[in-house]
Amino acid sequence: KLFASTLPTAEAKVWHGHPVWFLGGNPVCGYSLKKAGLEVLFWSGKSFKTSGLRPVGKYQAAGISVETQADVDKVDAFMAEATKVQWDYKNIMKNKKLEKITSF
């Protein structure tokens, strides 16, 4: 519910077996249930000004493990930033590099 209410214009679909939300065809955030708990991933999270995400992979993705209500509150803050800070994952293969979509 948090994802749908925070990103009402985003398209939600299952991508690589996990729920992911897209803006303009570009992946913004998603989550997966891991053995250790719920993991929320933000594709442009390394560029967020709000701290608290751990880097994931070699591009701009970063995530957070959600274990408590305080973590859910952090995810809510990151969701707001996810619409403002976006890298172009949709065209990464065509451009052969990751480019900014929004100015931040």
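Everything quoted here is computed from the prediction, not taken from an experiment.
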Passing option when F42 is tested against W21, F48, Y31 for ring pair (Phe, Tyr, Trp, His ring centres under 6.0 Å): F48
Lys/Arg-Asp/Glu bridge criterion (N-O < 4.0 Å) met for E99, K94: no
[Y] reachable from [X] in the ILVMFWY side-chain graph, under 4.5 Å edges:
| X | Y | result |
| --- | --- | --- |
| W87 | Y59 | yes |
| I101 | L98 | no |
| L38 | L2 | yes |
| V20 | M93 | yes |

Exercise: identify the closest heavy-atom pair between Y89 and A61: OH-N, 3.4 Å
Exercise: identify the closest heavy-atom pair between N26 and K90: OD1-N, 2.9 Å
Row check, F22 ring normal vs K13 NZ/CZ: under 6.0 Å, within 45°: yes
Test side-chain contact (heavy atoms from CB on, under 4.5 Å) applied to V28 and T83, step by step: CA-CA 7 Å; V28 177; T83 62; 5.6 Å; no
Partners meeting salt bridge (Lys or Arg N to Asp or Glu O under 4.0 Å) with E81 (sequence neighbours left out): none
K46 NZ to K58 NZ distance, which is reported to the nearest 0.5 Å: 10.5 Å
Within 6.0 angstrom of K84 NZ, more than 12 heavy atoms from elsewhere: no
